[in-house]
Each structure stands twice: as structure tokens, then as C-alpha cells.
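Data first, discussion second: the structure below is written as C-alpha cells.
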Amino acid sequence: QVQLVESGGGLVQPGGSLRLSCAVSGSIRGIVNMGWYRQTPGKTRELVASITSGGSTNYADSVKGRFTISNDNAKNTVYLEMNSLKPEDTGVYYCRLVAGIFIHWGQGTQVTVSS
């Protein structure tokens with residue numbers, strides 16, 4: 001019933017910026033934590049940024065100072081603002097929702113940082 005739909009990915013030059021969106025729909029109960037993960041084919045999925053229902057945020061060391069996670073509850077949307085992008089930021093970015101013992105994933109959106 002819960003659905004996460006990511007958008008906003010694309011091709012960008014090193015040093016450029018993108019903003020990813022994750023639209024959430026469906027019935028969600030309890031405290032919700034949101035996160036963005038990224039994955040490169042053949043590699044494990046890694047946490048990029050997360051935000052709690054209370055607004056606390058965490059970032060991977062590799063993106064601190066460059067990425068910002070935020071949420072707009074009125075729009076049921078979570079964002080990942082990515083600045084000063086590097087080639088190593090390339091990957092499929094997935095939105096994740098955790099509500100109690102349940103975890104939901106979006107379909108992913110491709111981000112490619114290349115000259």
C-alpha cells in the first residue's frame with residue numbers, strides 16, 4: 001500500500017547540482033524515518049542521508065557539506081539537494097521509509113556525474 005516514487009535524477013557535470021524528490025503515498029502509521037541510499041552495480045547499497053520524524057539528520061561522511069535532506073510534510077515529499085557533485089556520487093539513488101518494523105523502498109533514480 002505504501003509507495004515511494006523518486007524523481008529528479010539525470011546527467012550532470014562535476015560541480016553541478018541536482019535535487020531528488022521522493023513522493024510518499026499510502027497508509028503510514030507510527031514514527032517514520034526517511035533516508036536516501038545509493039548503489040552502483042556490483043556494489044552494496046550505502047546510506048547517503050537520513051532524517052527522523054523529529055527533523056534530525058545524518059549524512060555519510062562523503063557527502064557532508066554538499067548534500068541536504070529535507071521533508072515537506074504538506075506535500076508528503078522528501079528531498080535530497082545535491083551540490084558540488086563529484087563523479088563518485090554516480091549511482092542509483094533510492095528513497096527508503098522506515099515505519100516501526102516495516103521498510104519500504106522506491107524504484108530508484110539514476111544520477112550520473114560526468115564530464
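In this structure the side chain of Trp36 reaches within 4.5 angstrom of the side chain of Val78, judged on heavy atoms. Between Ile28 and Leu97 there is a side-chain heavy-atom pair separated by less than 4.5 Å. In this structure, Arg38 and Thr90 have side chains that are not in contact, with every pair of non-hydrogen atoms separated by 4.5 Å or more.
A donor-acceptor contact closer than 3.5 angstrom links the side chains of Ser17 and Asn83.
The salt bridge (Lys or Arg N to Asp or Glu O under 4.0 Å) search around Lys43 returns none, not counting sequence neighbours. For Gln13, the side-chain contact (heavy atoms from CB on, under 4.5 Å) partners are Ser115, not counting sequence neighbours. Evaluation of the side chain to side chain donor-acceptor pair (under 3.5 Å) rule for Gln39 yields Arg45 as partners, not counting sequence neighbours. Partners of Arg96 by side chain to side chain donor-acceptor pair (under 3.5 Å), not counting sequence neighbours, listed by chain and number: Tyr37.
Among pairs with a residue in residues 21-61, those fulfilling disulfide (SG to SG under 2.5 Å) read Cys22-Cys95, at least two apart in sequence or across chains. Applying the disulfide (SG to SG under 2.5 Å) test to residues at least two apart or on different chains, none of the pairs has a partner in residues 23-59.
Using a cut-off of 4.0 Å between Lys/Arg side-chain N and Asp/Glu carboxylate O, Lys64 and Asp61 are scored as salt-bridged.
The CE atom of Met34 lies 9.5 Å from the CD1 atom of Ile51; values are rounded to the nearest 0.5 Å. For the atom pair CD (Gln3) and OG (Ser25), the distance works out to 4.5 Å, reported to the nearest 0.5 Å.
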